[in-house]
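Below: one structure, written as structure tokens.
Because the structure is predicted, anything quoted here is derived from the model rather than measured. All chains are named by letter (A, B, ...) in the order of the sequence lines, taking the proteins before the strands, and each is independently numbered beginning at 1. Note that these values count all heavy atoms, side chains included, but never hydrogens, waters or copies made by symmetry.
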Amino acid sequence: MPHQLPSLILCLPFVASVVAWLMRGRGHNRAAWLMTATALLGLLLCLWLAPLILAGDVLRQVIPWAPGLGLDLVLRIDGFSWLMMLLICGIGALVGVYARYYMSPDDPLARFFALLLAFMGSMLGIVMSGNVIQLVFFWEMTSLFSFLLIGYWHRGPSARDGARMALIVTSGGGLCLFGGMLLLGHIAGSYELDAILAAGDTVRAHPWYTPTLLLILLGAFTKSAQFPFHFWLPQAMSAPTPASAYLHSATMVKAGVFLLVRFWPVLGGTAEWSWIVGGVGLVTLILGAYAAMFEQDLKGVLAYSTISHLGLITMLVGLGSALGVVAAIFHIVNHATFKASLFMAAGAVDHEAGTRDLRKLGGLRRFMPVTATLALVAGAAMAGVPLLNGFLSKEMFFAETLAARQGPLLDAISEVIAVAASAFGVTYSIRFVRGVFFGRTPAELPRQPHEPPLWMRFPIGFLALTCLLVGVLPARVIGPTLQAAAASVLGSDLPVYSLAVWHGVTTPLLMSVFAFVAGCLLFAGLRRRFAEREGAPLIGRLGGKRIFERVMAVLAADLPQRIERRYPGRRLQSQLLLIVLLALLAGTLAAAGASLDMELRWSSVDPAFASLWLLGAACAIGAASQAKFHRLAALVLTGGAGLVSCVSFVWLSAPDLAATQLLVEVVTTILILLGMRWLPKRIEGLSVESRRQRFRRRRDVVIAIVAGLGVASLAYAAMTHPVADSISRFFLERAYTEGGGHNVVNVILVDFRGFDTLGEISVLAIVALTVFALLRRFRPAAESIGTPLQQRQQTALDAAAPDRAADHSLTDYLMIPGLIIQLMSPVILLFGLHLFLRGHDLPGGGFVAGITVAVALILLYMARGARWVETRLRVLPVRWLGAGLLLAVLTGLGSLAFGRPFMTTYFQYLDLPLLGRVPLATALLFDLGVFAVVVGTTILMLVALAHQSLRRPRQAPAPAAEGEG
Amino acid sequence: MELVLAAAIGILAASGVWLLLRPRTFQVIIGLTLISYAVNLFIFSIGGLRTGADPVLHGGDIAQYTDPLPQALVLTAIVIGFATTALFLVVLLTSRGLTGNDHVDGEDGTP
């Protein structure tokens, strides 16, 4: 059972998310309890694994996905990820309870909880991933859900801007991370986490180490709001407070430092690592703490404080010692507990007092004593007061900073900065707690404050109690868990550390005391100044937000506009020219490197074949020259070139191709003939050719000749250098034994590569429907609306003679051809059936047969007119399309029922009374689907186009071509 | 044989490319048709040119048959080519109706 647990834990939140989503409009209670219950269940399942994990085991579950590509879903739980899972599920449960009372019933709560649950699943996915690509996938998912949660109250512009900024920064970082992980996997030879963790020495020695490191660090720093990407986190405070507590303090922003810790054994220990990670951590630590002192918004203080603490963790990992990593893991947990609790307290204050502005708040302890006490405990933990958890990890941090003195990093300056940041931490903690709960009560608050409901206080209290318990009895409460987590990251060389409250009078303790006193003095001295300022001095102006907005404005507006002005994107003609030139350039570059011995073999030239193509070439060139003024001639000439290539197919042993080409030629010609009616008249010699036009024509002739020469030589090279070992042999050998057909081309289409063919007929169907939809709204140009001259004359003639009905002349003209066509159409239909049935063994098949049948119908339309046909014959092309696709898919699925892969065929011969021995393969059913789709497509398009001429005179609102009635 | 077919492919492609660069939609559609002939013949020819070697099995050594794979590829290409021609034709008719001219750029500034 434990081996299925990882996937169960991972799937649970996603399933619950969908369920919560479906609860729309059913009150907010259920969704909240669903969230809490899901998180608790996840927590219980995690705790069930405790004996296994605490014993140092690693639980792995591999779900094969695309084993051929070496891609599996790997879920992996070791001590560190288990600790993170406990955090995610535990705080998730508390947030669920809290949000139930915090959120207003007027908000769309089903969406809120669905997003929180989905986020929880994605976050679990990150920590449980045993494959780095999978990790990146979940990483991006958390960015996405964070975006949606920040923008939850999307009517406010600040929520939208904050959400967008967070998404751009974190998902941009995610993209870098993806690149880094691809490089890392490439270097290590596997994307499996275990393999990468084992390949640390190889990775560090590899020449690509630095780019890999930089990319991965970019991902981690953006996610964990490290300088200079820290600016998104304060903007993300527009999110509802439960989401801020959960995502932007306890879990999601920890993903970055999680990554740093996780990959420390692989990437860490080098000078680059120490300088970049340590340096960035240090800057973030001091910058966040400094900015937090000057914030007026409660959540703003907490956001900058979070940035500072994340910087602390980053710096710990960057110090390069194993003890630093232990301290980092410890602080991840500690920070999550006290900061989540503080966020919830801030939310409670906001909820009860109606404001989060520190200048407007004060003395709330008289109204909400319990909340005040709890916030005091959590605030003290944040400040690093002894007997609370924050103190312990801060002590470890000081000790590590001291120990790193001999190390490569920054000598004394880092200790000074560490103490300064710690002092600032004390200052803003005091400011937070004192400013809200102590001092004078302001005369007017937006709301009369009182104690929040019990269940809103409960999560705050629970977390505050945890801070206290960990702070007093660290070895008992968190010891084994931390031990397992550290061991899973560091492996065998686990350093000795002591989780005691009292270590005697040591330097770190003295540093703590100093920082505490300095912080208190700083607060006392600068109290007034803090309240006066909007934004921190010195750095307030240099906001990352401003720079980000500037960069975005340039990237998203200025630059594209400049490019568009410079290179007119609306001119398709010049774009086509560009494409052709680029293709020529690419071809030339490719050919320049190749050395092909091209000897021209004149001896092999067959005079008959050569003269055939002399005709074909003349047709092609003629079509090119006539296409502007003589469209009909150009169309006929194009058809001529098509026929010549059709004859070539017969000549060169491709009967199937010849048949298909011939029929497609017919329908294409009809189609273009139908369309030509709507094009403007163009009469030769009306306008004088300008010099510019002449230049363009000459230039294009040169380009065309170069292109032609290039293609010809490429074709010649390809033909004279046959591929030695192609897979065609396989098809020829197995066509009969496994596909049950003699016509190898058809067997390939309907059997071996049936899946491709399914894709192709889907394309056909989509195109047909698109054409139909476009024509429904077709508005012809004004000058083509009138009926053609000949038609007008005929109508006039019919109208003038009393004994003639309308359309009489037309019927007369088409009498003979109409009769022939009408008589022939059953024959053509039968021939189509014949082509279809013999397709598996002889040239023919669904494609050819489909077009044949369509041609029979189209000929009837042409000879007798649409109205004549449609009163007698109801063709429902859309149904043909649908039925064909359905049949093809069902045939493919049929093989699943027999336990074979999708699209496996079965065949045998059948003796039918009249027809004799007929091959009957399931491929025939598939081919029938192809046939139906081709019939439907062709008829739908042609008839829809033909109907355009009928619409205007009849004033019909929509063409009846579909005939679905 | 190869020489003739290669030259034919070249001429079809050249005519097609020239038409592709013309301003009128009808020219472009004819150009695309010619190019698709060239491309189909080219893909087909990769399998090698053989006469009297239809890939329809009737016993014997498989060396006597020509390569069926390019044929299968081209066969679907022909049908898909028809569909795209139809789509393009309808798009150009719609564009003609909307813009009032048949220039590929949608405006009749320069021919």
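Atom CZ of Arg631(A) is surrounded by more than 12 heavy atoms from other residues, nucleotides or ligands within 6.0 Å.
Residue with the most contacts toward chain A among Gly31(B), Ala38(B), Ala83(B): Ala83(B) (heavy-atom pairs, distance under 4.5 Å). Chain B forms the most heavy-atom pairs under 4.5 Å with one residue out of Gly708(A), Ala704(A), Ser653(A), and that residue is Ser653(A). With respect to chain B, the highest number of heavy-atom pairs below 4.5 Å among Cys619(A), Ser648(A), Ala624(A) belongs to Ala624(A). The candidate from Arg697(A), Glu733(A), Arg753(A) with the greatest count of non-hydrogen atom pairs under 4.5 Å with chain B is Arg697(A). Heavy-atom pairs under 4.5 Å with chain A peak, among Thr85(B), Val56(B), Val17(B), at Val56(B). By number of non-hydrogen pairs under 4.5 angstrom with chain B, the leading residue of Val934(A), Leu674(A), Val667(A), Thr757(A) is Val667(A). Most heavy-atom pairs under 4.5 Å with chain B: of the set Pro680(A), Ala627(A), Gly642(A), this distinction falls to Pro680(A).
Between Val74(B) and the choices Val745(A), Leu657(A), Asp656(A), Thr660(A), the side chain to side chain contact (heavy atoms under 4.5 Å, CB included) rule is met once, by Leu657(A). Under the side chain to side chain contact (heavy atoms under 4.5 Å, CB included) rule, Val763(A) has a single partner from Ile80(B), Thr84(B), Val79(B), which is Ile80(B).
Between Ala86(B) and Met941(A) the shortest heavy-atom distance is CB-SD, 3.4 Å. Contact between Leu12(B) and Ala641(A) at its shortest, heavy atoms only, is CD2-CB, 4.1 Å.
For Thr33(B), the part lying under 4.5 angstrom from a heavy atom of chain A is the side chain only. Interface remark: Ile748(A) contributes side-chain atoms only to the contact with chain B (heavy atom separation under 4.5 Å). Of the two parts of Gln626(A), neither the backbone nor the side chain holds a non-hydrogen atom closer than 4.5 Å to a non-hydrogen atom of chain B. Leu679(A) touches chain B through backbone and side chain together, each having a heavy atom under 4.5 Å away. Proximity to chain B (any heavy atom under 4.5 Å) is shown, for Trp651(A), by both the backbone and the side chain. For Leu19(B), the part lying near chain A is the side chain, with the backbone staying farther off; criterion is any non-hydrogen pair under 4.5 Å. For a residue to count as touching a neighbouring chain, one of its non-hydrogen atoms must lie under 4.5 Å from one of that chain's; by this rule Phe609(A) touches chain B with backbone and side chain alike. Heavy-atom distances place no part of Arg699(A) under 4.5 Å from chain B, backbone and side chain included. Proximity to chain B (any heavy atom under 4.5 Å) is shown, for Val701(A), by both the backbone and the side chain. Both the backbone and the side chain of Ile672(A) come within less than 4.5 Å of a heavy atom of chain B. For chain B, the nearby parts of Ala617(A) are the backbone and the side chain; heavy atoms of each come within less than 4.5 Å.
Judged by distance alone, the side chain of Arg96(B) and the main-chain N or O of Trp678(A) form a donor-acceptor pair under 3.5 Å. No donor-acceptor distance shorter than 3.5 angstrom exists from the side chain of Gln573(A) to the backbone of Val104(B), with no hydrogens or angles considered.
The shortest distance between side-chain heavy atoms of Tyr716(A) and Ile9(B) does not fall below 4.5 Å. For the pair Asp756(A) and Thr76(B), the minimum side-chain heavy-atom distance is 4.5 Å or more. The shortest distance between side-chain heavy atoms of Phe44(B) and Leu652(A) falls below 4.5 Å.
Rounding to the nearest 0.5 Å places CG of Asp700(A) at 4.0 Å from CZ of Arg22(B). Interatomic distance, Ile29(B) CD1 to Leu635(A) CG, rounded to the nearest 0.5 Å: 9.5 Å. Taken to the nearest 0.5 Å, the CD1 atom of Ile78(B) stands 10.0 Å off from the OG1 atom of Thr668(A).
A salt bridge does not link Asp102(B) to Lys681(A): none of the charged side-chain nitrogens sits closer than 4.0 Å to a carboxylate oxygen.
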